[in-house]
Amino acid sequence: MNSSRPFVVSGLTLHEWYQTAKEFASQAEVSPAELEWLLQEVAGIGILDLRLGSVRDRPQIWLSVSLEDLTKLWQQRLDRRMPIQYLTGVAYWRDFSLVVSPAVLIPRPETECLIDIAVATSQDFTDDNQHWADLGTGSGAIALGLATALPTAKIHAVDRSLEALSIARRNAERLGLSDRITFDRGDWWEPLSALKGQFTGMVSNPPYIPSEMLPDLQPEVAWHEPPLALDGGSDGLDCLRHLVNTAADYLRPGGIWLVETMAGQPPAVADLLQQQGQYSHVQISPDLAGIDRFVLALRSVEC
Ligand SMILES: C[S@@+](CC[C@H](N)C(=O)[O-])C[C@H]1O[C@@H](n2cnc3c(N)ncnc32)[C@H](O)[C@@H]1O
C-alpha cells in the first residue's frame, strides 16, 4: 500500500471488473482505451497487463479509490458522458501532466501547435526578459508551454475565471514554473495595462464557438466544459475581434499576435487583422489534421 492508493483488491477481481466495464463501454460506444487510462491512473496498471489478462495473476492490487467508487466513476463516464480527464483530474498536454477540473477547458492536442508556431516566429527576437501574454489561460497549458520553450521570457497568464486561475497556478507550482509566470484575473489585456507596448508576443486560444452551435456539441463538451471557455458570441468571433482591436496597443513593434480558431474562421480573422491596419505578415497555419486553425500576425513596425 502507499498513501495515494489505500484500497486493495485481488487481481482476479479487478480483471473481472475490467471485463464487465469493457462490455458496458462498448454498448455506450466509449473507447476501451479510456477505461485502460482510468485503470492506469487509479491502479497504476499498464495497458498490456490489462489486455493480456496478466493482471489476473496478481494477488493484490492497490487502488486510489474503492472498487465501488471506481464503478461510480465509470458510470459517470458512460451515463453522464463526463470526460475521462475530469474523472481522473489529469490531462496530458505536450510533456506535461496537468491538473484539470470542470472549471477549465481540457487542453487539446492541436493547441500544442501554438507553442511551436510562437517559438519558430520568435527567433528574430534575441533579447532576454521578453514579455509574453497567454490570454484566457484556463489550465495554464499555453503559459506553461511558453515558459518551458522560452526559458528567459516572463509569461503573463490572464483569465476571467478565478477557479481557472487557481488550477493554472497549481499546475505552475507542480511543474516548478511559478516564478516564471504571473497570474491575473481580468478581461483579456486589462490586467496588463502597465506593460502596454512591451509585449513580444500574445498567444491565445479564446472561446470561438458560435453561441447557437453550443447545444449541438458532443455531450462531453456541451454538458461538462465551462461555457465561458467555449462561447464566442453570435458568429464565434467576439473574443477574436476584441483581441485584434486591443493587442496592437500592447505589442511592441514586430510583436507576435497568435491565436487558435475554429475550422473555417481563419480567413475572417485574417480580414479583421488586415482591416485593423496595425498588423502585417498575416499568416494562416494548419493543425495536426491539416485543417487551417491558427492565425499569426506581426504588429506593424511603422505604426
Ligand atoms: C478555449 S479556453 C482556452 C483555455 C486554455 N488556454 C487552453 O488552450 O486549453 C478559453 C479561456 O478563456 C477564458 N476567458 C473567457 N472570456 C475571457 C475574458 N473576457 N477575459 C479573459 N479570459 C477569458 C475562459 O475562462 C477560458 O479559460
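Values below: every heavy atom of this structure, side chains too, minus hydrogens, waters and symmetry copies. Ligands are counted one by one from 1 in listed order, and the atoms in each one are counted from 1 as well.
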Given G186, P191, A229, identify the one with the heavy atom nearest to atom 21 (C) of ligand 1. G186

Between D116 and R94, does at least one N-O distance fall below 4.0 Å, as a salt bridge requires? yes

Centroid separation F183 to H156 less than 6.0 Å: no

With respect to R160, determine whether any N or O atom, backbone or side chain, lies less than 3.5 Å from an N or O atom of ligand 1. yes

side-chain hydrogen bond (donor to acceptor under 3.5 Å, both in side chains) partners of T111, counting only residues at least two apart: E260

Closest heavy-atom approach to atom 11 (C) of ligand 1 among G138, G136, G140, A141 is made by G136

Any atoms of ligand 1 less than 4.0 Å from a non-hydrogen atom of D187? List them with their elements. 18 (C), 19 (N), 20 (N)

Report the part of L228 in contact with ligand 1, treating N, CA, C, O as backbone and CB onward as side chain, heavy atoms under 4.0 Å; options are side chain, backbone, both, neither. both

Can you tell me if F125 has over 12 outside heavy atoms packed within less than 6.0 Å of its CZ? yes

Restricting to side-chain hydrogen bond (donor to acceptor under 3.5 Å, both in side chains), what partner residues turn up for W17, sequence neighbours left out? T71

When you compare ligand 1 with S161, is there at least one nitrogen or oxygen pair between them that comes in under 3.5 angstrom? no

Among all protein heavy atoms, pick out the one at the shortest distance from atom 17 (C) of ligand 1; state its residue, atom name and that distance to 0.1 Å. W188 CZ2, 3.3 Å

Whether R185 side chain and R160 backbone form a donor-acceptor pair below 3.5 Å: yes

Does the N or O separation between R108 and ligand 1 drop below 3.5 Å for any pair? no

Salt bridge flag under 4.0 Å for residues K196 and E190: no

Tell me: protein heavy atom nearest atom 26 (C) of ligand 1, and distance? D159 OD2, 3.5 Å

Run down the list T137, D134, I142, D231 and name the one with the heavy atom closest to atom 5 (C) of ligand 1. T137

For ligand 1, which atoms, with element, lie under 4.0 Å from some heavy atom of P107? 9 (O)

Taking the six-membered ring for Trp, are F96 and W93 parallel (under 30°), tilted (30 to 60°) or perpendicular (over 60°)? parallel

Counting both backbone and side chain atoms, is some N or O of T111 under 3.5 Å from an N or O of ligand 1? no

Test R252 against every option in L195, D127, V301 by the side-chain contact (heavy atoms from CB on, under 4.5 Å) rule and name the one that passes. D127

State if A164 counts as touching ligand 1 under the rule of any non-hydrogen atom under 4.0 Å. no

Protein heavy atom at shortest distance from atom 3 (C) of ligand 1: N205 O, 3.1 Å

